[in-house]
Novice: 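Dropping the structure in here first, questions after.
Heavy-atom basis, side chains included; hydrogens, waters and symmetry copies ignored.
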Amino acid sequence: MPWLQALVYVLIAAVGAVVVTALVAFIVRRIARKKAWASRLIKRARMPFRIFLLVIALWVAVQSTAVDPGWREFLSHSLLVASIAAGTWLICALAIFLEDLGLARYRIDVADNRHARRLRTQVLIIRRITVVAAVLLGVGAILLTFPGVSAAGASILASAGLISIIAGLAAQSTLANVFAGVQLAFSDAIRVDDVVIVETEWGRIEEITLTYVVVHLWDDRRMVLPSTYFTTTPFQNWTRKNSELMGSVEFDLDWRVEPDAMRDELHRVMEKTDLWDHRVAILQVTDAVAGYVRIRILVTAVDAPTLFDLRCYVRESLVSWVQQVSPQTVPRSRVEISETPLESDAPRKKTAPSKTPPDALFSGDARSELRASQFTGPLEVQRVAPADVHPGARPTASDDGRRAAPSEEERPADPTA
């Protein structure tokens, strides 16, 4: 019977696939006892290799049977699609295995790991690009196995120009991030485990993808930034060339501070710690204004976390030294009280009056006196007509309230005349 024959062929193919995979696994395990790469190969490619080999064996068995052509065509096409998918999986696994071999040669948990971090960043980007390309090729190969897709190829190619324009406009930001991610991987601007300052935050580059970068901040937060941020925005990379850094510790102290004694204490403190890399440890007076003396200390360390701990250690040690050994250097505010009277507070001597006439408007000289008489003399009053004077009326007064001077007719006769 055709179906019984097909079942026998399928069982033979499955047994053959299991035997081949067991034989290959035995050989690779023997190699893994001496070579570390064989263990990685087993870990990455064991499952996809078994599935791919089994699907290929079943496909060959179905092609060799004499079942109904319709069923055989359906089974053959299904196994062909499964073999393409399994082959894509196997290719991705082998690509990741080869990239793991490259990463294993360059460790980042050592002191000088700048070159290793750069290669690790590039390899991780290449891994993602390889996986995406393999998946796209696999999907394309599966679609081409369907007759309808091949027939529609001409119309798809004809409208490819319009579709590409629409897709480019719709995915402009996404494509920009993808290209920015590739640029970051090969421009050496940032690498995995680099120490950076972004958005006023201190952290390490934890992950670089095709579209975004993850920064592990100092307080265990994660800041996720688009790849275009690092290509368009200025940022600080503290470990691009090397990890050694220099930091400062500053004090505002009293004028009675002794820089030499404080410098000797600094050297004694630095010799007691392993945080210092023995490159720079200097103390300088950088300013002396506003009642204080500015002391600046420069120290160096192998990396940023060590430098932060070293600065805190130096600051704490010298604060203790100031409090215990040199308390006179503690900053003070001074107020000076003087008992000597100021020159402006002394009593003024009386000066003799000047004999020179003052240059005044109405006094001082003859011209001024004449001007004063013009403004302060008697006012002239117009005489009232007799017809307008009522009998028995009293003499009139001027506008300023003073009585008008009597005229010659109104004056009494001189009794001596």
Novice: Going by the rule side-chain contact (heavy atoms from CB on, under 4.5 Å), which residues pair with L137 if we only count those two or more places apart in sequence or in a different chain?
Specialist: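 L137 satisfies side-chain contact (heavy atoms from CB on, under 4.5 Å) with no residue once adjacent residues are dropped.
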
Novice: Any side-chain to backbone donor/acceptor pair from S227 onto Y212? Under 3.5 Å, distance only.
Specialist: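 Indeed, once roles are kept as given, a pair shorter than 3.5 Å links the two residues.
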
Novice: Identify the heavy atoms of P331 and Y292 that sit nearest to each other, and give their distance.
Specialist: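 Closest heavy-atom pair between P331 and Y292: CB-CE2, 3.3 Å.
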
Novice: If you look at every heavy atom in A301 and R279, which pair is closest and at what distance?
Specialist: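 Scanning both residues, the minimum pair turns out to be O-NH2, 4.0 Å.
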
Novice: Let's go through T300 and D277 carefully: what are the C-alpha distance in whole Å and the side-chain angles of both, what is the deciding distance for side-chain hydrogen bond (donor to acceptor under 3.5 Å, both in side chains) to 0.1 Å, and is it a yes or a no?
Specialist: CA-CA 6 Å; T300 55; D277 61 358; 2.6 Å; yes

Novice: May I ask you to test the I282-I297 pair for a side-chain heavy-atom distance under 4.5 Å?
Specialist: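 They are not in contact (no side-chain heavy atoms under 4.5 Å apart), so the answer is no.
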
Novice: According to salt bridge (charged side-chain N to carboxylate O under 4.0 Å, His left out), who are the partners of E244, at least two apart in sequence or on a separate chain?
Specialist: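 Counting only residues at least two positions away or on another chain, E244 forms no salt bridge (charged side-chain N to carboxylate O under 4.0 Å, His left out).
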
Novice: Can you list the residues that meet the side-chain contact (heavy atoms from CB on, under 4.5 Å) rule with D287, with sequence neighbours excluded?
Specialist: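 By the side-chain contact (heavy atoms from CB on, under 4.5 Å) rule, D287 matches V289, R294.
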
Novice: Is it the case that more than 12 heavy atoms not belonging to D219 sit under 6.0 Å from its CG atom?
Specialist: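 Correct, the count exceeds 12.
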
Novice: If the condition is side-chain hydrogen bond (donor to acceptor under 3.5 Å, both in side chains), which residues does D264 pass it with, not counting sequence neighbours?
Specialist: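 Scan of D264 (side-chain hydrogen bond (donor to acceptor under 3.5 Å, both in side chains), adjacent residues dropped) gives none.
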
Novice: For the backbone of L275 and the side chain of T273, can you confirm whether one donor and one acceptor N or O come within less than 3.5 Å of each other?
Specialist: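 The answer is yes, because a donor-acceptor pair under 3.5 Å joins these two groups.
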
Novice: Just jot down the side-chain contact (heavy atoms from CB on, under 4.5 Å) partners of F308, sequence neighbours excluded, or say none.
Specialist: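 Result, side-chain contact (heavy atoms from CB on, under 4.5 Å) vs F308: C312.
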
Novice: Walk me through it: do V299 and L307 pass the test side-chain contact (heavy atoms from CB on, under 4.5 Å)?
Specialist: CA-CA 8 Å; V299 293; L307 177 63; 4.3 Å; yes

Novice: Roughly how far, to the nearest 0.5 Å, is OG1 of T200 from CZ of F235?
Specialist: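 One finds 15.0 Å between CZ of F235 and OG1 of T200.
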
Novice: Pairs in or reaching into residues 259-279: which pass ring-ring contact (aromatic ring centres under 6.0 Å, His included), with residues at least two apart or in two chains?
Specialist: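 Listed by first then second residue: W276-H278.
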
Novice: Verify, without hydrogens or angle tests, whether T239 (side chain) and V195 (backbone) share a donor-acceptor contact under 3.5 angstrom.
Specialist: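 Yes; at least one donor-acceptor contact below 3.5 Å.
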
Novice: Can you pull the salt bridge (Lys or Arg N to Asp or Glu O under 4.0 Å) pairs that have at least one residue in residues 198-213, sequence neighbours excluded?
Specialist: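 Every pair satisfying salt bridge (Lys or Arg N to Asp or Glu O under 4.0 Å) with a residue in residues 198-213: R128-E207, D193-R204, E201-R221, E206-R222.
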
Novice: Decide side-chain contact (heavy atoms from CB on, under 4.5 Å) for V257 and F251; before the verdict, give the C-alpha distance in whole Å, the side-chain angles of both, and the deciding distance to 0.1 Å.
Specialist: CA-CA 11 Å; V257 64; F251 296 91; over 6 Å; no

Novice: Might you point out which heavy atoms bring L283 and P259 nearest each other, and give the distance in Å?
Specialist: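 Smallest interatomic distance, heavy atoms only, reads CD2-O, 4.0 Å.
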
Novice: Measure the shortest side-chain to side-chain distance between W89 and F52 over non-hydrogen atoms and say whether it is less than 4.5 angstrom.
Specialist: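 A side-chain contact is absent here, since even the closest heavy-atom pair is not under 4.5 Å.
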
Novice: Does T286 reach the main-chain N or O of R296 with its side chain, forming a donor-acceptor pair under 3.5 Å?
Specialist: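 Such a contact is absent between T286 side chain and R296 backbone.
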
Novice: A side-chain contact here means heavy atoms from C-beta on lying under 4.5 Å apart; do R268 and W321 qualify?
Specialist: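 With C-beta onward as the side chain, the pair stays apart.
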
Novice: Can you give me the closest heavy-atom contact between C92 and A134, atom names plus distance?
Specialist: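 Smallest heavy-atom distance, with atoms named: SG-CB, 3.6 Å.
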
Novice: Under 3.5 Å, side chain of N237 to main-chain N/O of D194, donor-acceptor pair present?
Specialist: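 The answer is no, because no donor-acceptor pair under 3.5 Å joins these two groups.
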
Novice: From the options V224, I197, V196, select the one residue that forms a side chain to side chain contact (heavy atoms under 4.5 Å, CB included) with V215.
Specialist: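 Running side chain to side chain contact (heavy atoms under 4.5 Å, CB included) over V224, I197, V196 with V215 returns exactly one hit, V196.
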
Novice: Is the shortest side-chain heavy-atom distance between V330 and D254 below 4.5 Å?
Specialist: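 SC-SC contact between V330 and D254 ruled out.
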
Novice: Could you pull out the closest heavy-atom pair between R256 and R332, with the gap in Å?
Specialist: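 Scanning both residues completely, I find the closest heavy atoms to be NH2-NH1, 3.1 Å.
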
Novice: At their closest point, which heavy atom of P305 faces which heavy atom of W202, and how far apart are they?
Specialist: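 Nearest heavy atoms, P305 then W202: CG-CH2, 4.0 Å.
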
Novice: Would you give the length of the straight line joining atom CD of E258 to atom OG1 of T329, rounded to the nearest 0.5 angstrom?
Specialist: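 Interatomic distance, E258 CD to T329 OG1, rounded to 0.5 Å: 9.0 Å.
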
Novice: Could I get the full list of salt bridge (charged side-chain N to carboxylate O under 4.0 Å, His left out) partners for R315, not counting sequence neighbours?
Specialist: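 For R315 there are no salt bridge (charged side-chain N to carboxylate O under 4.0 Å, His left out) partners, ignoring immediate neighbours.
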
Novice: With a 3.5 Å distance limit and no angle check, can you tell me whether T231 reaches the backbone of T228 through a side-chain donor-acceptor pair?
Specialist: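 Yes; at least one donor-acceptor contact below 3.5 Å.
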
Novice: I'd like to know whether I295 forms a side-chain contact (heavy atoms from CB on, under 4.5 Å) with V285, so could you lay out the CA-CA distance, the side-chain angles of the two residues, the decisive distance to 0.1 Å, and finally the verdict.
Specialist: CA-CA 5 Å; I295 301 293; V285 179; 3.5 Å; yes

Novice: Of all residues at least two apart in sequence or in a different chain, which pass the side-chain hydrogen bond (donor to acceptor under 3.5 Å, both in side chains) check with Q236?
Specialist: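 With sequence neighbours excluded, Q236 shows a side-chain hydrogen bond (donor to acceptor under 3.5 Å, both in side chains) to W238, given in chain and number order.
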
Novice: With sequence neighbours excluded, tell me which residues meet side-chain contact (heavy atoms from CB on, under 4.5 Å) with F49.
Specialist: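 If we apply the side-chain contact (heavy atoms from CB on, under 4.5 Å) test to F49, skipping adjacent residues, the hits are T21, V24, L53, L90.
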
Novice: Could you go step by step and tell me if T306 and D303 meet the side-chain hydrogen bond (donor to acceptor under 3.5 Å, both in side chains) rule?
Specialist: CA-CA 6 Å; T306 307; D303 53 28; 2.5 Å; yes

Novice: Nearest 0.5 Å, what's the CD1-CZ distance between I190 and F230?
Specialist: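 I190 atom CD1 to F230 atom CZ measures 4.5 Å (nearest 0.5 Å).
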
Novice: Sequence neighbours excluded, which residues qualify as salt bridge (charged side-chain N to carboxylate O under 4.0 Å, His left out) partners of D220?
Specialist: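 Salt bridge (charged side-chain N to carboxylate O under 4.0 Å, His left out) list for D220, sorted by chain: empty.
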
Novice: Can any side-chain N or O of S326 pair as donor or acceptor with the backbone N or O of V322 at less than 3.5 Å?
Specialist: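 No; judged by distance alone, with no hydrogens or angles, the pair does not exist.
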
Novice: According to salt bridge (charged side-chain N to carboxylate O under 4.0 Å, His left out), who are the partners of R263, at least two apart in sequence or on a separate chain?
Specialist: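 R263 satisfies salt bridge (charged side-chain N to carboxylate O under 4.0 Å, His left out) with D260 once adjacent residues are dropped.
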
Novice: Before giving the answer on side-chain contact (heavy atoms from CB on, under 4.5 Å), spell out for L318 and M262 the whole-Å C-alpha distance, their side-chain angles and the decisive distance to 0.1 Å.
Specialist: CA-CA 8 Å; L318 291 182; M262 195 171 184; 4.1 Å; yes

